[in-house]
Amino acid sequence: MNQSKDFLRTIVEEDLKSGKYKEVVTRFPPEPNGFPHIGHAKSIAINFGIARDYKGHCNLRMDDTNPTTEDTQYVEALKDAVKWLGFDWGDDVYFTSDYFFQLYDYAVQLIKMDKAYVDSLDEETMREYRGTVTEAGRRSKYAQRSVEENLDLFDRMKNGEFKDGEHVLRAKIDMSAANMKMRDPLLYRIRHAHHFRAGDEWSIYPMYDFAHCLSDYIEGVTHSICTLEFENNRDIYNWVLDTLELKPPRPYQHEFARLGINYTVMSKRKLLELVEDGQVSGWDDPRLPTIAGYKRRGYTPESILTFCDQIGIAKANSMVDVAQLEFCIRDDLNTKVPRVMCVLDPLKVTIENYEGSEEIDASYYPDDVPKDGSRKLPFSREIYIERDDFMENPPKGYFRLTPEQPVRLKHGFIISCKEVIKDANGNITEIKAEYYPDSRSGSDSSGIKVKSAIQWVSAKEAKTVEVRLYDRLFSAEIPEGVDDLNPDSLKIIKDALIEPAVITDKPDERFQFERQGYFYADPVDYSDENPVFNKIVGLKDSWSKKTKVKDTPKPKAKKVQVDGEVVPMSEAEQALFDKYTAEFGLNSEVANTLARDEQLSSFYEESLSLLDSPVSLANIVTNEVARELKQIEASELKFSAKQIAQLVQMVDDTTISNKIAKQVFEEMVRSGEDPAKIVEAKGLVQISDPAKISPIIDEIITKNPDNVAKFRAGNTKLLSFFVGQVLKATGGKANPKVVNELVAEKLK
RNA sequence: UGGGGUAUCGCCAAGCGGUAAGGCACUAGUUUUUGGUACUGGUAUUCGGGGGUUCGAAUCCCUCUACCCCAUCCA
């Protein structure tokens, strides 16, 4: 389990601690226009997971504001997915369509505040007016309509008096906003369409940006968690909620990176294409990354949840390796599922020195799985083994049956090959073998050593089953289109042979077919007459890995860094730069930063007029003050140039160290207090007396014998570990230079 | 091109000025009647590049680069 919290949980915890919210409420808000996939599972795991971890609540809400794409079959699929993953949304599923009246009232309110208007531009003109990313847009002339006119028009839009596209309701924000989304976004559009829940009652429908934030607010959501592509929409989210001056508390939006997995596609559009083109058998095709697909294939909800937990939550776009998912399902099934024997590609073996038949008692689980249960394995003269498990001319390191090498029949006897029978084409059709009667599993006294034990079935009793072998849907790591489909993603074996107990006793739905992989009785096509098994995932296979030609490890080319051009300085900036370097002796980097920033340079010069310490002042101004100036204007700063001069003065006369100066500076940023007062109040005066520092170092050294040894063994970077410990012990007050010297001395 | 994001091992991902966590993958070995599992070890002298500040920088400052998102009456 991850010990470290993800950034969302960190935010939630802070908000709870600060009292911003009493209880955390999240929501999972899909649009019911497609089947949920594993990306949704991540979102479900996050939203429901956070609610569970902080004893809050998570709503399931269908974001059904677009009547033309949505359907009730999808809401069922969504509900199934959440339920299957083991989460509980409480009594009701929420629908944005349930809020249509409230939403309408909020829109009216916005119109009354003159913050929204009915626009009647046609679509194309509206796009033109929106401008481009580099050019500001301009506002429609309809933005000047009076409140009364807007109210009347909006009412008539609602009443269905206009055709689709004739008018829209827009927020009145800023047509020249740098954020394109803020250029008077659409709030409502006319759509004479049947809504799967609201029926034909509405002829206007709210847009996502208007409906989503308000739905969150209506439901009392505190943390509205969505994916990265909505970052630009956050401004509207806040604008709507703020403009309406809603009673607090209100929700805030936070974004995380959506899930990508290699060798598959995750977008609804591409998934829909595959389904509609018949490339797959349906939304629940076991090769699809849909929840329904994983469920049908035999994945457990636990494995999906573990996967979501393992991949973490962050803001970097990423592509997770399927191997991670495959590990999760193997790991889960390993401890849960009975082992049985199934032969996929049968090769007949006749044991010539065996007569009659018997039943072998065999445990379903290996010793390292603490579960009980066993079945009877029929054994007789004629058996089948896997064709792969015999080789006439084996490569080096082959552990299975060969003309020279005996092998154990798992749970049974050791056999060796006496004769290889071939057909006219030279294909092996049968093996004549001999068994060793004293090699019975569990009571072997034969003394024969074998290198492996293979699966087998008795010819007479074995049942024929259909096995569907699934492989990755695409052969390209990042698929571009149908050309990248893997032609071998589905292989159907109609006549695999399985031991009878699997069919007659049905000990489970999921099995490990010994040495092959995990399989699942297909929930749709399985019947007693025609048993069908889906391959969930193969076992790790280090033998085939060895035999396969290794992928040539690409020599990793060091990325070539292209250097961009730096904008040249203006004449005035250049003059300033020259003055700083020549007169004040600043290094060019610091002088450069200062000279190019008007606010910084004037702050610097003001402080310089109070204290003649050009270098120290320049350093603190370029590094520390600059950080603050990134957020706010110089006039809003709580501290003054004079106080900075005082601070630098204290560093210069060694009253405090640079480290403490940073600490004091932070306090100045917060309170605007004089540095001298802060130093006094917190007792931050530097300790430089070796006699005072020495005993502290001694203590640290005795406490960390391991690291002392490592240091003496040559791990010199541990010096800074010890320095850090000493500084920590003194609350940062020890003079680091002195500490460094002393520590180095003592550790010698 | 304006704005908003992101960059730490092959793939995810912690880290918030003081010893570069963890998982997957890879790899070597031990155990094994599954070439599985389990266990033990090995895998980043370095955090996109370059500078600067500091006793000390993945973390602070400057700068460059690459990638993602935004100009649907989709969500």
When all nucleic acid strands are considered with a 4.0 Å heavy-atom cut-off, which category describes A:F413: base, sugar-phosphate, or nothing?
nothing

Can you confirm if the aromatic rings of A:F230 and A:Y237 lie within a centre distance of less than 6.0 Å?
no

Residue A:D368, side-chain atoms from C-beta onward, closest of B:G36, B:C61, B:G17:
B:G36

Taking only the side-chain nitrogens and oxygens of A:K630, find out if one of them lies under 4.0 Å from OP1 or OP2 of B:C61.
yes

Any base atoms under 4.0 Å from A:N740, or only sugar-phosphate, or nothing? Heavy atoms, all strands.
base

Shortest side-chain distance from A:E514, nucleotide among B:A75, B:A25, B:U34:
B:U34

Using a 4.0 Å heavy-atom cut-off across all strands, classify A:E123 as base, sugar-phosphate, or nothing.
base

Using a 4.0 Å heavy-atom cut-off across all strands, classify A:H212 as base, sugar-phosphate, or nothing.
nothing

Do the charged groups of A:R627 and A:E624 touch, with an N to O distance under 4.0 Å?
yes

Of the candidate nucleotides B:C26, B:A21, B:A75, which contains the atom at the shortest distance from the side chain of A:S4?
B:A21

Which of the following nucleotides, B:C12, B:U72, B:C62, is nearest to the side chain of A:R127?
B:U72

Is any side-chain N or O of A:Q512 under 3.5 Å from a base N or O of B:U34, one able to act as donor and the other as acceptor?
yes

At 4.0 Å (heavy atoms only), tell me whether A:I620 reaches a base, stays on the sugar-phosphate, or touches nothing.
nothing

Base, sugar-phosphate, or nothing for A:G397, non-hydrogen atoms under 4.0 angstrom?
base

Nearest-neighbour nucleotide for the A:R234 side chain, B:C55, B:U72, B:G5 considered:
B:G5

Think A:T68 has a side-chain N or O under 4.0 angstrom from the OP1 or OP2 of B:C74?
no

Aromatic ring of A:F327 stacked on base six-ring of B:G23, 5.5 Å, 30°:
no

Quiz question: going by heavy-atom distance under 3.5 Å, is there a donor-acceptor pair between the base of B:G17 and the side chain of A:K662?
yes

Earlier contact from the 5' end, RNA chain B, for A:T622 and A:D321
A:D321

Please indicate whether A:D367 has more than 12 foreign heavy atoms, meaning atoms of other residues, nucleotides or ligands, lying under 6.0 Å from its CG.
no

Under 4.0 Å between any heavy atoms, over every strand shown, what does A:G442 touch: base, sugar-phosphate, or nothing? Just pick one.
base

How is A:K737 classified with respect to the nucleic acid when contacts are heavy atoms under 4.0 Å: base, sugar-phosphate, or nothing?
sugar-phosphate

Nucleotide nearest A:V723 when distance is taken to its side chain, options B:C73, B:U53, B:C55
B:C55

Could you walk me through whether A:D184 and A:Y129 pass the side chain to side chain donor-acceptor pair (under 3.5 Å) check?
CA-CA 11 Å; A:D184 288 11; A:Y129 274 38; over 6 Å; no

Regarding B:U19, can its base be found pairing with the side chain of A:N707 as donor and acceptor, where the two atoms are less than 3.5 Å apart?
yes

Output, in order, the C-alpha distance, side-chain angles, deciding distance and verdict of side chain to side chain donor-acceptor pair (under 3.5 Å) for A:R596 and A:N592.
CA-CA 6 Å; A:R596 281 170 184 274; A:N592 188 37; 2.9 Å; yes

Let me know, please, whether A:K451 or A:V566 comes out on the 5' side of the other along RNA chain B by nearest nucleotide.
A:K451

Is A:W543 stacked on the base of B:G35, meaning ring centres closer than 5.5 Å and planes within 30 degrees of each other?
yes

Apply ring-ring contact (aromatic ring centres under 6.0 Å, His included) to the pair A:F711 and A:F721, showing each step before the final yes or no.
CA-CA 10 Å; A:F711 179 84; A:F721 161 76; over 10 Å; no

Using a cut-off of 4.0 Å on non-hydrogen atoms, how would the nucleic acid contact of A:V590 be classed: base, sugar-phosphate, or nothing?
sugar-phosphate

Picking from B:U19, B:A25, B:G35, which would you name as closest to the side chain of A:F721?
B:U19

Tell me the partner of B:U33, counting only Watson-Crick (N1-N3 plus N6-O4 or O6-N4) or G-U wobble (N1-O2 and O6-N3) with both under 3.5 Å; none if nothing fits.
none

Looking across every strand, which nucleic acid part, if any, lies under 4.0 Å from A:K717 by heavy atom: base, sugar-phosphate, or nothing?
base

Donor/acceptor link under 3.5 angstrom from A:R515 side chain onto base of B:U34
no

Given B:A75, B:G23, B:C55, which nucleotide is nearest the side-chain atoms of A:T65?
B:A75

At under 4.0 Å between heavy atoms, what does A:R400 touch on the DNA or RNA strands: base, sugar-phosphate, or nothing?
base

Which part of the nucleic acid, if any, lies within contact of A:I311, taking any heavy atom under 4.0 Å across all strands shown: a base, the sugar-phosphate backbone alone, or nothing?
sugar-phosphate

Cut-off 3.5 Å, side chains only: do A:D63 and A:T96 have a donor facing an acceptor?
yes

Which is true for A:N715 with a 4.0 Å heavy-atom rule: it touches a base, it touches only sugar-phosphate, or it touches nothing?
nothing

Nearest-nucleotide pick for A:P366, side chain only, options being B:G36, B:U33, B:G2
B:G36

Distance below 4.0 Å between A:K545 side-chain N/O and B:C26 OP1 or OP2:
yes

When both hydrogen-bonding distances must be under 3.5 Å and the geometry is Watson-Crick or G-U wobble, what is B:C73 paired with, if anything?
none

Which way is the base of B:U32 turned, syn or anti, if we draw the line at 90° from 0?
anti

Both distances under 3.5 Å, Watson-Crick or G-U wobble: report the partner of B:C67, or none.
B:G5

From C-beta outward on A:S452, which listed nucleotide comes closest to its side chain: B:U53, B:C73, B:G35?
B:G35

If you look at every strand shown and take non-hydrogen atoms under 4.0 Å, does A:F230 touch a base, only sugar-phosphate, or nothing?
base

Any N or O donor-acceptor pair linking the side chain of A:D563 to the base of B:G50 at under 3.5 Å?
no

A:R234 and A:N238 side chains, donor-acceptor separation under 3.5 Å
no

Looking at B:C69, I'd like to know if its phosphate oxygens (OP1 or OP2) sit under 4.0 Å from a side-chain N or O belonging to A:R258.
no

Answer yes if the ring centres of A:Y117 and A:Y142 are under 6.0 angstrom apart, and no otherwise.
no

Check the phosphate of B:G36 against A:R339, side-chain N and O only, distance under 4.0 Å to OP1 or OP2. Yes or no?
no

Taking atom types as they are modelled, would you say the side chain of A:N232 forms a donor-acceptor pair with the base of B:G3 within the 3.5 Å cutoff?
yes

